[in-house]
Amino acid sequence: MRQSKNFIPTLKEVPADAVIPSHILMVRAGMVRMLSAGIYSFLPLGYKVLKKIIEIIREEMDAIGGQEFHLPALNPKEIWEQTGRVEAFGDTMFHVKNRDYVLAPTHEEIMTYHAKGALKSYKDLPQIWYQIQTKFRNEPRPRSGVIRGRQFLMKDAYSFDSSWEGLDKSYEMLDKAYRKIFDRVGIKYFVVGASSGAMGGSKSEEFMVRSDAGEDTVAYCEHCGYAANVEVAQSVIEPVKRHTESREIYEISTPNVKSIDELCEFLKIDERETAKSRIYIYNDEPVLVLMSGNDEVNETKLENVLGGAVRPAHPDELKEITGADAGSIGPIGFKGRIIADLRLKDGNNLYSGANKNDYHIGGIDLKRDVPQIEYFDLRTVQSGEKCTRCGKELEVFKAIELGHIFKLGTRYSEALGAEFLDENGQSQPIIMGSYGIGVERVLACFIEQNHDEKGILWKKPLAPFDVHLLGLNMKKEVVSETSEKIYKELTGAGYDVLFDDRVDAQAGFKFNDADLIGLPVQVIVGERGLKEGTVEVKVRKTGDRAKVKTEDLLAYLKEIFK
RNA sequence: CGGGGCGUAGCGUAGUCCGGUUAGCGCGCCUGCUUUGGGAGCAGGAGGUCGCAGGUUCAAAUCCUGCCGCCCCGACCA
């Protein structure tokens, strides 16, 4: 493809509203342009890459017997009401104003609608149906370019089985297909077991990519592959010591001491000798949550323990409930439920707030002084703690969710009446699974992982072209003739070539554009080299350059692409 | 939805606090000449409802009010 005749509007300057590398580079390389917050237009270069991702996904889905559909994005609201998801999605769902339609944020309902009455017998099952199509979600805050948009491409797949064992098989097939897809694309990913969340169902796993732009925080063990969202992650952690002798309780005046750090400093004690109290409100009742030292309460874990939503108590509530402000609250004398992190189990000789401003209490023996206390895992895992599986160090970092697979069960088939007749002539709800990949996220994540200060570093599978052919000074006949010849030669040999044949662009301009666009290999044709019958071949990623005789070029490239 | 920032030509911006000629600069664009191995030089040129609406004033990019849009942090999130 000739660059002189094609629309690849590269930018020298960083667009003001882009922050993360993938977003900046996608805009600068002329791949996308923003139309509105969270809504992006794909330009030819960007769309070319997107199509490559789609093709890889399609091949792997087809390889496991998936059948490609194309469902409408415009859906009758009625179907969504039958599963209760108009309410569940709430403001996240786009509603059409002048007719009772919604814009589909996902397609469980519509796929199930089509399965109903069509998959009538156990003999019709299993099936894997999928599509690659636009989803609409009214995200309150789109961000990070294409990573969180209000309109985005999703590969969504649905499995239909007649038994739970069948679902297990389908799920496993999809799991394998996903691994193949991400491997082929060339992304470094890891898999996290996740709670199924609002979609309903049992088992689910997320395919994640490490990135500072991520919206999930995960704990990951490089050594054994343990990975979990911090909301549920666990680690091996030393419990507080139980001293052989319990001291008596005593009150200490601690003027202006609020934080655990200040308390430790004031009393010259270790953080592990303290118990931090936080008050949460659950069902309008206060619950005192006791943590060791500066350990952080994990609100998701707390909610799982209590069985519903919690919120931290407001400052004025604290005073009313405990008689003290934050920083002076403790379990002694607290009337109400007290739960503590497992790390504190049966701890003694502990220091905590006195429920009286500027006072703390020492010598607390939780076993003796707080007999009604309950223990649960409530901590948030921190980097450097030990993996529960292999004992090596865990790392906590941000990650982007690329794909999610889960076992749905019968939630949608029951709600929509999608049933089949089993071997005994009994009507049963179809057992379903649901599997998604964010297509643009694959693109953005790839760039997040593969770029340098000059631009993108494509690998062959996603590269919009294989080779960037640069004719440096196209006004010189030797250069234009040779590069034209090479262009034909490479194209004839099956390479997809982007040919920078622009006549008026300076050499430096072309080099920088080529580095920005980042095709794997650059073939540089200049007067200088041609004098000795060579062109230069530069590998973008390593920066390695080699002078190659024009007649050896094809053989040389073959070697590089091997 | 809460907090913060921003909105001036296709892009990046100065000017706004403290109102006052024709709104300035760089990139890009057009014409001509020169130049061509790391974002060229000279000369000439085009391009602006200063986000929108209202108000204050002799006078508004600048001050006031409302709205809209965009970015960041948080809340939320299949």
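So that the names make sense, note that chain A is the first sequence line, chain B the second, and so on, each numbered from 1.
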Worksheet item: Taking for each residue the nucleotide of RNA chain B bearing the nearest heavy atom, is the 5' side occupied by A:Asn512 or by A:Val14?
Response: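 Counting from the 5' end, the first nearest nucleotide belongs to A:Val14.
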Discussion item. With nearest nucleotide decided by heavy atoms, which residue, A:Arg148 or A:Lys454, maps closer to the 5′ end of RNA chain B?
Written reply: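 Mapping each residue to its closest nucleotide by heavy atoms, the 5'-most match is A:Lys454.
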Whole-Å [atom1] distance, [N] and [M]:
| N | M | atom1 | value |
| --- | --- | --- | --- |
| B:C70 | B:C11 | P | 15 Å |
| B:G74 | B:A60 | C1' | 37 Å |
| B:G19 | B:C64 | P | 11 Å |
| B:C6 | B:A14 | C1' | 15 Å |
| B:C63 | B:C17 | P | 5 Å |
| B:U22 | B:G48 | C1' | 13 Å |
| B:A40 | B:U21 | P | 37 Å |
| B:G28 | B:A43 | P | 16 Å |

Discussion item. So which atom in A:Arg278 and which in A:Val297 form the shortest heavy-atom distance, rounded to 0.1 Å?
Written reply: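 Taking A:Arg278 first and A:Val297 second, the nearest heavy atoms are CD-CG2, 4.2 Å.
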Using whole Å, report how far [atom1] of [X] lies from [atom2] of [N].
| X | N | atom1 | atom2 | result |
| --- | --- | --- | --- | --- |
| A:Asp504 | B:G41 | CG | C1' | 15 Å |
| A:Phe509 | B:G37 | CZ | C1' | 16 Å |
| A:Phe511 | B:A40 | CZ | C1' | 14 Å |
| A:Leu516 | B:C27 | CG | C1' | 15 Å |
| A:His404 | B:C77 | NE2 | P | 14 Å |
| A:Asp500 | B:G37 | CG | P | 14 Å |
| A:Glu527 | B:G37 | CD | C1' | 10 Å |
| A:Gln506 | B:U35 | CD | P | 11 Å |

In terms of side-chain heavy atoms, does [X] have a donor or acceptor partner in [Y] at a distance below 3.5 Å?
| X | Y | result |
| --- | --- | --- |
| A:Glu414 | A:Thr410 | yes |
| A:Gln3 | A:Asp501 | no |
| A:His404 | A:Ser204 | yes |
| A:Asp515 | A:Gln522 | yes |

Within the structure shown, what part of the strands sits under 4.0 Å from [X] by heavy-atom distance: base, sugar-phosphate, or nothing?
| X | answer |
| --- | --- |
| A:Asp91 | nothing |
| A:Tyr435 | nothing |
| A:Arg28 | base |
| A:Asp515 | base |
| A:Gly529 | base |
| A:Lys510 | nothing |

Watson-Crick or G-U wobble mate for [N], both contacts under 3.5 Å:
| N | value |
| --- | --- |
| B:A53 | B:U65 |
| B:C25 | B:G12 |
| B:G20 | B:C58 |
| B:A43 | B:U31 |

Worksheet item: Ignoring hydrogens and angles, does a donor from either the side chain of A:Glu536 or the base of B:G37 sit under 3.5 Å from an acceptor on the other?
Response: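 Donor-acceptor pair under 3.5 Å: yes.
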Discussion item. Counting the benzene-type ring for Trp, do A:His95 and A:Phe89 have ring centres under 6.0 Å apart?
Written reply: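 So the answer is no for these two rings.
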Item to complete: Run through A:Val535, A:Ile524, A:Val525, A:Leu498 and flag the one making a side chain to side chain contact (heavy atoms under 4.5 Å, CB included) with A:Leu469.
Response: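 For A:Leu469, the side chain to side chain contact (heavy atoms under 4.5 Å, CB included) test succeeds with only one of A:Val535, A:Ile524, A:Val525, A:Leu498, which is A:Val525.
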Worksheet item: Quick one: does A:Pro44's side chain get under 4.5 Å of A:Asn6's, heavy atoms only?
Response: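 Heavy-atom side-chain distance check fails, nothing below 4.5 Å.
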Fill in: Nucleotide nearest A:Lys475 when distance is taken to its side chain, options B:U36, B:G38, B:G37
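Of the candidates, B:U36 comes closest.
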Worksheet item: Can you give one letter per nucleotide of nucleotides 66-75 of chain B, 5' to 3': B if a protein heavy atom sits under 4.0 Å from the base, S if only from the sugar-phosphate, - if neither?
Response: ----SSSBBB
Fill in: Cation over ring face, A:Lys454 and A:Phe511, 6.0 Å, 45°
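Geometry flag: not set, cation outside 6.0 Å or 45°.
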